[in-house]
Participant: 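Okay, handing you the structure first.
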Amino acid sequence: MRTPLTTVTGAMAVLPETNVNTDAIIPSAWLRSAKADLARGLFGARRFDDAGRERPDFVLNQGPFRSAKILLTGENFGCGSSREAAVWALARFGIRCVLAPSFADIFYENAFRNGVLAGVVDEATRAALAAAVDRHRDAPVFTVDLPGTAIVGPDGDRHTFMVPPHRAGMLIRGDDEIDLTLRHLDAIERHLAKAKLERDWLHDASTDTRQYP
Amino acid sequence: MTPDHKTSEHKTADPSVTGPRSLFDRIWDAHVVKRLEDDRDLVFVDRHVLQETTSAQAFEGLARAGRRVMHPELTVATQDHIVSTLPGRDEGTNPGGTELLGLMRANTAAHGIRHFGVDDRRQGIVHVMAHETGFALPGCLLTCGDSHTSTVGGLGAIGLGVGTSEVEHVLATQTLAITRPRNMRVTFDGALGRGISAKDIILHMIGQLGVAAGRGCAVEYAGPAIRALPIEARLTICNMSIEFGARLGLIAPDDATFAYVRGREFTPTGAAFDRAVAEWRDLVTDPDARFDRDFTIDCRQVAPQVTWGTSPQDVAGVDVAVPDPAQFADHRRRDLAAAALSYMGLEPGTPLEGIPIDVAFIGSCTNGRLSDLEAAAAVARGKRVAPNVRALVVPGSMSVKREAEALGLHRIFENAGFEWRDAGCSMCVSINEDVVAPGARCIATSNRNFENRQGLRSRTHLASPAMVAAAAIAGRITDVRKEMTA
């Protein structure tokens, strides 16, 4: 059981570029320990200079965006490295929803596994949301309503996003993916038993750990 | 994960459905345990590989939930990312790595998982160790918490790179719940010119198709140029699949594959091997199989490639100049190119050939195999690394290192002034102490030229092993074809 997610309300930060990679989201300097301060590491190389001082031109160092809850960004967000710390860093910073026209596959999976909503918006919606943020830079507060697949802006304007229905349900209920899969335990073991018969070359003694301590 | 993906229907997930199938369909269908909601499949994971920087939290999660590892015999672990590559290193040589290396050792011991750590002769980068031990086999489905897991596609295996939650999921269930990828094919026509390697044609392809072209897709690489490639070069091709966003890459296995796989530690032997080969011969794409995306690349005119920007799609032949961002029609690509040139410290119109370099790195899961080192050594033989250039060769595994030393390659490199190091990811991911200094320019055989990838403000140019060796000696980017004796 994970913390359920139904709505996200808060400031929406905009990172307009496309193809933002996970090295940028969480630089490798924050991957050297299982106990690293990932909230500080989020966009670390872009947020801080070599001396660790904030770079004032980066959006997450500006006014209400310092406590952003929603990130609006460009196509193919989260490409590159599989590092799940990219999602952990977003979540620990407080961002529980990322909206983009598309996501890199591994990032997309990682997001849902950590209770972070990756919502797909079309290009027109992305542009409209970015414009709304621009008009309300002092209080760019939006609400993402997951059951309603709606985004409500500061002017009461409504937009939609796309999320596969079962994934949405999993977030809303706080389902644990492993729990769900373990319901199919019999089918998994049946598959392995069949494979051992039909593809003995794949499951012969060479993979028996007892022979290779 | 595009809007059209959500509504896409796939027709071949049910193994009982007949009709033309791709190589990918054949392997995937044999692994589907159950169809799930949202067009996802629960697939069985035959082989699971662990590395130390993406598994600690997975074991933590297992402990928290009181779960066990369901099939420890189907997982192997190694230490590659954060290990020191200093010759003769141990777990403590890089003090910054001891926490994660210690956790890998302790967690695998606690769960009965084989661990090929720095004290094991099989230690190496996950995507080199997996196939050279015979743990990865054609037709198998393998996962690893690392995005370059698609490398084993070079043998005709499905390799899926996943995050840490999915590592935990595989440990706990031996399955993965995953969106079925769509079929994509890239056909490589023509023969490779002199001095052109697998790295050059895959970089050229990424430059042509773009960094997101493969998103959501299983990509089959086909055509005469692919069929002519030796196995290690096919591994290089499939390794780079993630660099254009693909879920995985595949090349149909053939006699060269079977010969490569035979006789390795975990490869089946005797009659079991013969049964395996009989099955592997069926791992082909039907002539009338349909692909959602289908591209052709002409290899005939491809020059040695080198990247000029901060994305693998920012690539060109070494014989041209740094592009003017204004030449890109798409305004977003234009903005990205301008930012990339500013980061790289390059002016539009500067010939790529002649750009001075500070560091030359030969290694990684992309180009750290024996044939890669041979290609670099052929260029370095009898030469000297330019003054003020740090050049290092990091074999992809300790097995590769031993094989190279048996051929005397280490002497060629050492005599030329290259460092000859122990195996690991090293300067590809720069999580250990192998880091490029701020502002320094590195030409590398690795796979990512992202900002800050090789160290804060590091500047990376991706190229083939021969190109990197040539640049190390010249002290600047150079066209390796001019260095080769006919």
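Heavy-atom basis, side chains included; hydrogens, waters and symmetry copies ignored.
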Participant: For B:Asn432, is it the side chain, the backbone, both or neither that has a heavy atom under 4.5 Å from a heavy atom of chain A?
Facilitator: backbone

Participant: Could you check whether any side-chain heavy atom of A:Arg32 comes within less than 4.5 Å of a side-chain heavy atom of B:Thr53, counting everything from C-beta outward?
Facilitator: no

Participant: Would you say CZ of A:Arg135 has more than 12 non-hydrogen atoms from neighbouring residues, nucleotides or ligands within 6.0 angstrom?
Facilitator: yes

Participant: Looking only at heavy atoms, what is the nearest atom pair of A:Trp201 and B:Pro268, with distance?
Facilitator: O-CG, 3.5 Å

Participant: Which heavy atom in A:Ala34 sits nearest to a heavy atom in B:Leu100, and how many Å separate them?
Facilitator: N-CD2, 4.0 Å

Participant: At what distance, to the nearest 0.5 angstrom, does CZ of A:Arg190 lie from NZ of B:Lys34?
Facilitator: 9.0 Å

Participant: Taking every non-hydrogen pair under 4.5 Å, which of B:His31, B:Glu60, B:Glu243, B:Glu52 racks up the most with chain A?
Facilitator: B:His31

Participant: Do A:His203 and B:Leu74 come within less than 4.5 Å of each other through their side chains, counting heavy atoms only?
Facilitator: yes

Participant: Only heavy atoms, only distances under 4.5 angstrom. Which residues in residues 76-83 of chain A are near chain B?
Facilitator: A:Asn76, A:Gly80, A:Ser81, A:Ser82, A:Arg83

Participant: Evaluate the criterion side-chain contact (heavy atoms from CB on, under 4.5 Å) for residue pair B:Leu42 and A:Ile188; output intermediate values, then yes/no.
Facilitator: CA-CA 9 Å; B:Leu42 189 67; A:Ile188 295 168; 4.3 Å; yes

Participant: Name the region of B:Val211, side chain, backbone, both or neither, that has any atom closer than 4.5 Å to a heavy atom of chain A.
Facilitator: both

Participant: To check you understand the geometry: which heavy-atom pair defines the closest contact between B:Ala177 and A:Glu177, and what is its length?
Facilitator: CB-OE2, 3.5 Å

Participant: Measuring from atom CZ of A:Arg199 to atom CZ of B:Arg275, what distance do you get when rounded to the nearest 0.5 angstrom?
Facilitator: 13.0 Å

Participant: With rounding to the nearest 0.5 Å, note down the distance linking OG1 in B:Thr164 to CG in A:Asn110.
Facilitator: 7.0 Å

Participant: Among the options B:His115, B:His81, B:Gln57, B:Glu168, pick out the one with the most heavy-atom pairs lying under 4.5 Å from chain A.
Facilitator: B:Gln57

Participant: To the nearest 0.5 angstrom, please state how far the CD1 atom of B:Ile242 sits from the CD1 atom of A:Ile106.
Facilitator: 4.0 Å

Participant: Verify side-chain contact (heavy atoms from CB on, under 4.5 Å) between A:His191 and B:Gln174, making sure each step is shown before the conclusion.
Facilitator: CA-CA 11 Å; A:His191 179 95; B:Gln174 205 56 41; over 6 Å; no

Participant: In the structure I gave you, are the side-chain heavy atoms of B:His169 and A:Arg113 within less than 4.5 Å of one another anywhere?
Facilitator: yes

Participant: Which residue out of B:Thr54, B:Leu336, B:Val435 racks up the most heavy-atom pairs below 4.5 Å with chain A?
Facilitator: B:Leu336

Participant: Find out whether B:Ser165 and A:Asn114 are in side-chain contact, i.e. whether some heavy atom of one side chain is under 4.5 Å from a heavy atom of the other.
Facilitator: yes

Participant: Does A:Leu185 form a side-chain contact (heavy atoms from CB on, under 4.5 Å) with B:Met70? I'd like the steps, not just the answer.
Facilitator: CA-CA 10 Å; A:Leu185 195 55; B:Met70 183 180 275; 2.8 Å; yes

Participant: What's the separation between atom CG in A:Asp105 and atom OG1 in B:Thr179, rounded to the nearest 0.5 Å?
Facilitator: 7.5 Å

Participant: Please look at B:Arg332 and chain A and tell me whether the side chain, the backbone, both or neither of the residue comes under 4.5 angstrom of a heavy atom of that chain.
Facilitator: side chain

Participant: What part of B:Leu160 lies closer than 4.5 angstrom to a heavy atom of chain A: side chain, backbone, both or neither?
Facilitator: neither

Participant: Could you walk me through whether B:Glu99 and A:Lys35 pass salt bridge (charged side-chain N to carboxylate O under 4.0 Å, His left out), step by step?
Facilitator: CA-CA 10 Å; B:Glu99 178 197 339; A:Lys35 301 181 279 280; 3.4 Å; yes

Participant: Report, in residue-number order, which members of residues 17-30 of chain A are under 4.5 Å from chain B by heavy-atom distance.
Facilitator: A:Glu17, A:Thr18, A:Asn19, A:Asn21, A:Asp23, A:Ser28

Participant: Side chain, backbone, both or neither: which part of B:Ile431 has a non-hydrogen atom closer than 4.5 Å to chain A?
Facilitator: both

Participant: Applying salt bridge (charged side-chain N to carboxylate O under 4.0 Å, His left out), run through B:Arg67 and A:Asp176 and close with a yes or a no.
Facilitator: CA-CA 13 Å; B:Arg67 293 183 180 123; A:Asp176 179 281; 3.4 Å; yes

Participant: Side chain, backbone, both or neither: which part of B:Gln313 has a non-hydrogen atom closer than 4.5 Å to chain A?
Facilitator: side chain

Participant: Under 4.5 Å between any side-chain heavy atoms of A:Glu198 and B:Glu279, yes or no?
Facilitator: no

Participant: With only heavy atoms counted, which part of B:Asn452 is less than 4.5 Å from chain A, the side chain, the backbone, both or neither?
Facilitator: side chain

Participant: Could you walk me through whether A:Glu109 and B:Arg40 pass salt bridge (charged side-chain N to carboxylate O under 4.0 Å, His left out), step by step?
Facilitator: CA-CA 11 Å; A:Glu109 292 292 342; B:Arg40 294 202 302 167; 3.7 Å; yes

Participant: Could you tell me which portion of B:Arg448 (side chain, backbone, both or neither) has an atom closer than 4.5 angstrom to a non-hydrogen atom of chain A?
Facilitator: side chain

Participant: Salt bridge (charged side-chain N to carboxylate O under 4.0 Å, His left out) for A:Glu75 and B:Arg215? Distances and angles first, verdict last.
Facilitator: CA-CA 11 Å; A:Glu75 289 166 20; B:Arg215 203 177 48 234; 5.7 Å; no

Participant: Begin with the C-alpha distance, continue with both residues' side-chain angles, and end with the deciding distance and a verdict on side-chain contact (heavy atoms from CB on, under 4.5 Å) for A:Leu192 and B:His71.
Facilitator: CA-CA 11 Å; A:Leu192 178 59; B:His71 285 291; 3.3 Å; yes

Participant: If you round to the nearest 0.5 Å, how far is CG of B:Leu456 from CG of A:Asp50?
Facilitator: 5.0 Å

Participant: So for B:Thr175, is it side chain, backbone, both, or neither that comes closer than 4.5 Å to the heavy atoms of chain A?
Facilitator: side chain

